[in-house]
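Below is one structure, written out as structure tokens; the observations come after it.
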Amino acid sequence: MRIGLLKPALGLLISSSLASGAYGSSPQLPSVIEQLRSHVDATRAIGYVRQVWETDRWFTFPKFQETAETLQRTMKNIGLRDVELLGAPADGVTQVGYWTMPLAWDVKSARLEIVEPPVPEELRVLADYGSVPVSLGMWSGPTPRDGLIAEVIEANQTPESQDWKGKMVLTRENPAGMKWLLARKGAAGAINAFTENPDLKDDRQWINAWGDRGWAFTKDNTPLPCFSISPRQRDLLRKLLAEGKPVRVKAIVDSRYYSGNYPYVTGRLPG
């Protein structure tokens with residue numbers, strides 16, 4: 001049996017003793033299930049997940065490569081045969097059936113902070129990629145080196161009637177679903193206030209889709225910055241906007257798009 005791993009943890013839950021093909025050539029299902037159950041090691045599995053998390057949580061293509069290299073070593077160590085680290089093109093143009101492969105993406109740093117009106121220092125910074133990677137949306141476009149300062153506007157129920165040009169749009173829903181509209185209306189970028197669990201006041205929704213026509217960011221898409229804030233920070237921005245004074249933020253994103261590689265690992269379980 002050959003298994004391939006694009007996103008890593010699944011195949012690594014198999015122990016080396018299972019990989020040896022210890023059960024017979026014609027096993028019955030109940031005995032196979034029993035052998036699988038007897039070899040499950042939750043502590044070991046969590047260890048593999050932690051290894052993957054350490055690199056994948058940055059969600060850049062260089063970090064995906066590091067994850068794949070870790071998986072390659074681990075799959076060899078637990079007894080898989082013919083382990084190979086391969087890759088698909090991440091160039092934003094290659095067609096696979098009706099699918100266009102995404103561009104590779106990397107980011108060095110990103111930050112979003114309130115510059116107007118004055119707020120307490122501990123509330124000023126809304127997003128810092130170095131501290132919380134999910135505060136920046138994947139495939140976020142770069143800003144000028146010194147950043148950009150833009151007024152914040154909250155998207156309402158009829159966004160077609162709003163002027164978004166040059167503004168950072170605070171969204172009530174996942175902004176990936178309106179990326180095309182943000183691009184068309186000339187927005188400076190997006191600040192995501194949507195979360196799947198608003199009771200987690202300091203949680204942030206990970207934005208991992210940023211294409212103009214769907215998930216993948218391809219070569220002809222619009223490079224816009226996208227940040228994700230917590231419900232607590234959303235409430236602060238809404239309070240400031242409700243006071244009727246201009247709210248401005250400064251965004252700095254040091255990111256790049258490039259033709260790269262989308263890595264994956266395959267291995268064979270003999271038996």
Side-chain angles (χ1 to χ4, degrees), residues 1-20 36-90 96 99 101-110 127-140 174 176 192 195-197 200 202-211 215-217 226-228 230 255-258 260-270:
M1 177 190 297
R2 177 172 282 276
I3 50 177
L5 301 174
L6 256 178
K7 286 292 180 185
L10 178 62
L12 295 182
L13 303 183
I14 303 167
S15 74
S16 58
S17 54
L18 278 179
S20 68
L36 285 168
R37 181 182 293 116
S38 68
H39 287 284
V40 170
D41 184 340
T43 301
R44 192 178 189 186
I46 288 296
Y48 293 143
V49 171
R50 287 187 181 278
Q51 281 184 322
V52 169
W53 176 82
E54 285 291 346
T55 46
D56 256 23
R57 70 193 181 98
W58 300 99
F59 54 91
T60 63
F61 280 68
K63 289 297 184 180
F64 291 158
Q65 184 68 30
E66 288 185 35
T67 298
E69 291 168 1
T70 297
L71 292 175
Q72 182 186 30
R73 290 191 299 271
T74 304
M75 290 167 70
K76 287 180 178 179
N77 290 341
I78 66 177
L80 273 71
R81 307 278 180 84
D82 305 324
V83 176
E84 295 181 281
L85 172 53
L86 306 169
V96 182
W99 174 258
M101 295 298 294
L103 267 173
W105 177 78
D106 191 18
V107 57
K108 292 182 179 179
S109 61
D128 182 353
Y129 174 80
S131 301
V132 184
V134 295
S135 64
L136 181 71
M138 186 171 173
W139 285 303
S140 279
N174 190 321
N192 170 57
T195 177
E196 294 177 2
N197 191 343
L200 299 176
D202 297 307
D203 195 23
R204 300 167 194 256
Q205 187 77 17
W206 179 37
I207 307 301
N208 69 335
W210 203 230
W215 170 71
F217 189 99
C226 173
F227 293 91
S228 198
S230 69
S255 65
R256 68 184 179 106
Y257 306 104
Y258 63 99
N261 185 59
Y262 217 145
Y264 61 93
V265 186
T266 69
R268 183 170 61 87
L269 284 171

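The basis for the numbers below is simple: all heavy atoms, side chains too, and nothing from hydrogens, waters or symmetry mates.
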Legend entry - Partner of Phe59 under ring-ring contact (aromatic ring centres under 6.0 Å, His included), chosen from Trp139, Phe64, Trp210, Trp206: Trp206
Inset, instruction - Sequence neighbours left out, what passes side-chain contact (heavy atoms from CB on, under 4.5 Å) with Arg50? Give chain and number order. - result: Ile46
Legend entry - Listed partners of Lys76 passing side-chain contact (heavy atoms from CB on, under 4.5 Å), at least two apart: Gln72, Val83
Legend entry - Spatial distance of atom CH2 (Trp105) from atom CZ (Phe217) [nearest 0.5 Å]: 11.0 Å
Legend entry - Nearest-0.5 Å distance, CZ of residue Arg256 to CG of residue Leu103: 11.0 Å
Inset, instruction - Name all pairs fulfilling the salt bridge (Lys or Arg N to Asp or Glu O under 4.0 Å) condition that reach into residues 57-68, sequence neighbours left out, sorted by first residue then second. - result: Lys63-Glu66
Inset, instruction - Spell out, as yes or no, whether a donor-acceptor pair under 3.5 Å connects the side chain of Arg204 to the backbone of Ser228. - result: yes
Legend entry - Spacing of Ile78 atom CD1 and Leu269 atom CG [to the nearest 0.5 Å]: 8.0 Å
Inset, instruction - Apply side chain to side chain donor-acceptor pair (under 3.5 Å) to Thr55 and list each qualifying residue two or more places apart in sequence or on a separate chain. - result: Thr67
Inset, instruction - Apply ring-ring contact (aromatic ring centres under 6.0 Å, His included) to Trp99 and list each qualifying residue two or more places apart in sequence or on a separate chain. - result: Trp215
Legend entry - Contacts of type side chain to side chain donor-acceptor pair (under 3.5 Å), residue Ser140, not counting sequence neighbours: none
Legend entry - Residues which pass side chain to side chain donor-acceptor pair (under 3.5 Å) with Thr60, listed by chain and number, not counting sequence neighbours: none
Inset, instruction - Using the test side-chain contact (heavy atoms from CB on, under 4.5 Å), find all partners of Ala68 that sit at least two apart in sequence or belong to another chain. - result: Leu85, Pro263, Val265
Legend entry - salt bridge (charged side-chain N to carboxylate O under 4.0 Å, His left out) partners of Asp203, counting only residues at least two apart: none
Inset, instruction - Would you give the length of the straight line joining atom OG1 of Thr266 to atom CE of Met75, rounded to the nearest 0.5 angstrom? - result: 6.5 Å
Legend entry - Under the side-chain contact (heavy atoms from CB on, under 4.5 Å) test, residues paired with Ala110 that sit two or more places apart: Tyr129, Leu136, Phe227, Val253
Legend entry - side chain to side chain donor-acceptor pair (under 3.5 Å) partners for Asn197, two or more places apart: none
Inset, instruction - Measure the CG-CD distance between Asp106 and Gln65 for me, rounded to the nearest 0.5 Å. - result: 12.0 Å
Inset, instruction - May I ask you to test the Thr70-Val52 pair for a side-chain heavy-atom distance under 4.5 Å? - result: no
